[in-house]
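Right, one structure below, let's go through it.
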Amino acid sequence: MKLNDKAAVANALKDLGLYLQIKGENSFKTRAYDIASERIAGLADDLGQLVAENRLTELEGVGASIAAKITELVNTGKLEALETLKHEYPITMLELLKVPNLGPKKAKVLFDLLGVGSIADLEAACKAHRVRDLKGFGAQTEEKLLAGVELARRTGTGRSLLADVLPRAEKLLEHVKQAPGVKRASLGGSVRRMRETVADVDIIASAAEVQPVFEHFVKHPDVREIIGAGDSKASVRLREGDLQVDLRVLPDEDFATALHHFTGSKAHHIKLRSLAIDQGLKLSEWGVHRGDQKQRVRDEAELYAMLGMQYVPPELREDWGEIEAAREGRLPPRLVEARDIVGNIHSHTTWSDGRASLLEMAQAAKAMGLKYYTVTEHSQTSSYAGGLSLDKMKAQWDEIDAVNEQLEGITLLKGIESDILEDGSLDYPDAVLEKLDVVIGSIHQRYSQDEDAMTRRVLNAMENPHFQIWGHPTGRLINRREAAPMRMEEILDKAAQKGVAIEINGCPERLDLKAEHVRLALQRGLKVVVSTDAHSVGELHQHLPLALATARKGWTTAADVLNTRSAKDFVESLRRG
DNA sequence: GCCGTTTTCGGCCCGACTGTTTTCAGTCG
């Protein structure tokens, strides 16, 4: 069996690393599997091709040994070393590591001495008080592990949608800014890096005195319990969703380096610190030191300048090549920002499955300062979503004309979100499509097609000269539905050849294309649209920042985005051939 | 296990917090 699935290969390597940790392997060895796993997960190239051409070891962090394991995985679908370990331990062994405060060392002791090989085993052992007498454990640890069992069960994957967390995090940040003596405060961690899912919230603040800030922080009504508190860090859990929030408070002179440290990512930092060492510097949350001499760092820009590289925006700090690019001056000078966006792309009204009228949506877009608004209802095959028949579409054109008459300062563009049918054809005759300003083509059903069929379906659609924007390309729903199987590189090559633009859809659970794929598209010279796919006025506001965040994370500049252009330029640049 | 313009062997990012200890190991980010 062939396994050309980056996520599956990355997971196998990660699991292998975890098993080796439990076995007590050298931590640098287990980390090597971790690094390789992340490298594969974020890989731009086609994995099958790298294997076929024997080029895996060209990847940083992949040597002969791991290359052989990846090759085995891709060619056979299995990994002997991992299968052996899976037989050595219960199948549920790795789930134990999801319990807070239980790492590989303690898990090994629990398994070796008590036979604990699952969360259920752990619960039973704790309740029978068999854990507290083990060396290195105690009554408090036993209680913590028992509480951790509850938490691990409740939180499932443990990662929430960015959109669910971001507003709550911003609210807490505002609260922290109000605390006595706070000079500067910012979000950090994966929320600041705009990861599509996040596990917790980090807030970093500067103040002369720490305790008053902590006391103010934990009084927020959203805080359910205090998990821990030291000299510089307080951790709490929120009432809703068990979300953990860590607050660090430091002297203002340490703010920049602390913010940088707690923004991460871990991989970005590990590489950056190695670079610092090469330059005789030591980098940590407590600052930059040359010998015993602490260097003054006022902000993050100064930190990167000190290391002789371009400033790296938080969204880019993933070790996806940004450090090398920053050293060589190849980072985009400025990523796209909210102020660059002048048109709303992709939206639904009560004509199909939206919840606001055309006029209401247009007025809201105008109030946001936008200059144009594309009307793109569902097409006739999506009857479940109120897709427009030909007659209805023509009737809507009259209303669009009327609203255009009525509203000053914003232009409505006539468009459609056409289904890409099973064979790749669009949902209306060419004679209708050619009358529209904007045609988005999206897949809405028959996700079960295999990779070949799905790839052919999209390639066929791109042959249609009226197909202008590929809408929510992979159809994934984060934490709910996998991306449709397709050969993304091949399709993006075709899109580049045909002049099809790619949507970056800002629905919280779509964020589709995702950032890694956005980079692939940009590398091929493709243009993107930053879109809301809004079904209500609220979603116009909520989705745009999420689409922008995804675009930025994919290294997008204003010049790459078509809806930074005037309505006239926008429509003209969509026209093909 | 990976890596290399002082090295093909001997390093590998760094520190806070906690609970267990009586100087430290494990976990976490």
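First the proteins, then the strands, lettered A, B, ... as listed; each starts at 1.
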- Please state the C1' separation for the pair B:dT18 and B:dT23 - nearest whole angstrom. 15 Å
- Item | By ring pair (Phe, Tyr, Trp, His ring centres under 6.0 Å) - contacts of A:H175 (at least two apart) | A:H216, A:H220
- Query: Which is true for A:L283 with a 4.0 Å heavy-atom rule: it touches a base, it touches only sugar-phosphate, or it touches nothing?
  - Reply: sugar-phosphate
- Note on the structure: Taken to the nearest whole Å, CD/A:E25 to C1'/B:dC2 is 14 Å
- Atom P, compared across B:dC13 and B:dC3: separation rounded to whole Å: 13 Å
- Message: Could you tell me how far B:dT21 sits from B:dC17 if I compare only their C1' atoms? Round to whole Å.
- Response: 15 Å
- Task: Specify the separation, in whole Å, of atom CG of A:D278 and atom C1' of B:dG11.
- Result: 13 Å
- Query: With A:A234, which residues qualify under side chain to side chain contact (heavy atoms under 4.5 Å, CB included), at least two apart?
  - Reply: A:F214, A:A229
- Using the P atom on both, measure B:dG1 against B:dT7 and round to a whole Å. 25 Å
- Item | Pairwise P distance for B:dG26 and B:dT22, with rounding to whole Å | 15 Å
- Item | Shortest side-chain distance from A:R31, nucleotide among B:dC13, B:dC17, B:dT18 | B:dC13
- Query: NA contact type, A:I277, heavy-atom cut-off 4.0 Å: base, sugar-phosphate, or nothing?
  - Reply: sugar-phosphate
- Do the numbers put A:K553 on top of the ring of A:W320, so that NZ or CZ is under 6.0 Å from the six-membered ring centre and no more than 45° off the axis? yes
- Message: Rounding to an integer number of angstrom, what distance separates B:dT20 and B:dA25 when you compare their C1' atoms?
- Response: 9 Å
- Note on the structure: Whether each nucleotide of nucleotides 20-29 of chain B has a protein heavy atom under 4.0 Å at its base (B), only at its sugar-phosphate (S) or at neither (-) is summarised, 5' to 3', as S-----SSSB
- Item | From OG (A:S284) to NE2 (A:H269), nearest 0.5 Å | 11.0 Å
- Hey, is A:K127 close enough to A:E123 for a salt bridge, meaning N to O under 4.0 Å? yes
- Message: Tell me if B:dT7 is syn or anti. Syn = glycosidic torsion within 90° of 0, anti otherwise.
- Response: syn
- Message: Between P on B:dC2 and NZ on A:K271, what's the gap in Å once rounded to a whole number?
- Response: 15 Å
- Closest nucleotide among B:dG19, B:dC13, B:dC17 to the A:K144 side chain: B:dG19
- Message: Which label fits A:Y304 and A:Y311: parallel for a plane angle under 30°, tilted from 30 to 60°, or perpendicular past 60°?
- Response: perpendicular
- Message: If I take atom NZ in residue A:K294 and atom P in nucleotide B:dC14, what distance separates them, rounded to the nearest angstrom?
- Response: 16 Å
- Item | Backbone of A:E60 reached by a side-chain donor or acceptor of A:R39 within 3.5 Å | yes
- Message: Once you apply a heavy-atom cut-off of 4.0 Å, does A:A36 come out as touching a base, just sugar-phosphate, or nothing?
- Response: nothing
- Task: State the pairing partner of B:dA16; accept Watson-Crick or G-U wobble contacts with both distances under 3.5 Å, and report none otherwise.
- Result: B:dT27
- Task: Identify whether any heavy atom of A:K282 sits under 4.0 Å from a base atom; if not, whether one sits that close to sugar-phosphate; answer base, sugar-phosphate or nothing.
- Result: sugar-phosphate
- Neighbour count >12 (heavy atoms, 6.0 Å) for atom CD, A:E328: yes
- Message: Rounded to whole Å, how long is the line connecting atom CG of A:L307 with atom C1' of B:dC13?
- Response: 13 Å
- Message: Without decimals, in angstroms, what is the distance between A:K69 NZ and B:dC2 C1'?
- Response: 13 Å
- Message: Heavy atoms only, 4.0 Å cut-off, all strands: where does A:N26 land among base, sugar-phosphate and nothing?
- Response: base
- Query: A:F214 has an atom CZ; how far is it from atom C1' of B:dC17, in whole Å?
  - Reply: 11 Å
- Query: In whole angstroms, how far is the P atom of B:dG15 from the CG atom of A:L272?
  - Reply: 15 Å
Between the protein and nucleotides 3-10 of chain B, are there any N/O to N/O pairs under 3.5 Å, and if so, what are the atom names and distances?
| from | atom 1 | to | atom 2 | distance (Å) |
| --- | --- | --- | --- | --- |
| B:dC3 | OP1 | A:G61 | N | 2.7 |

- Item | Donor-acceptor contact present, side-chain A:R524 to main-chain A:L520, <3.5 Å | yes
- Task: Determine the contact category for A:T30: base if any of its heavy atoms lies under 4.0 Å from a base atom, sugar-phosphate if only primed atoms, P, OP1 or OP2 are that close, otherwise nothing.
- Result: nothing
- Task: Go through the structure and list residues passing side chain to side chain contact (heavy atoms under 4.5 Å, CB included) with A:F28, not counting sequence neighbours.
- Result: A:N26, A:R31
- Item | Set of residues satisfying side chain to side chain donor-acceptor pair (under 3.5 Å) with respect to A:R130, sequence neighbours excluded | none
- Examine B:dG1: is either OP1 or OP2 under 4.0 Å from a nitrogen or oxygen in the side chain of A:S65? Give yes or no. yes
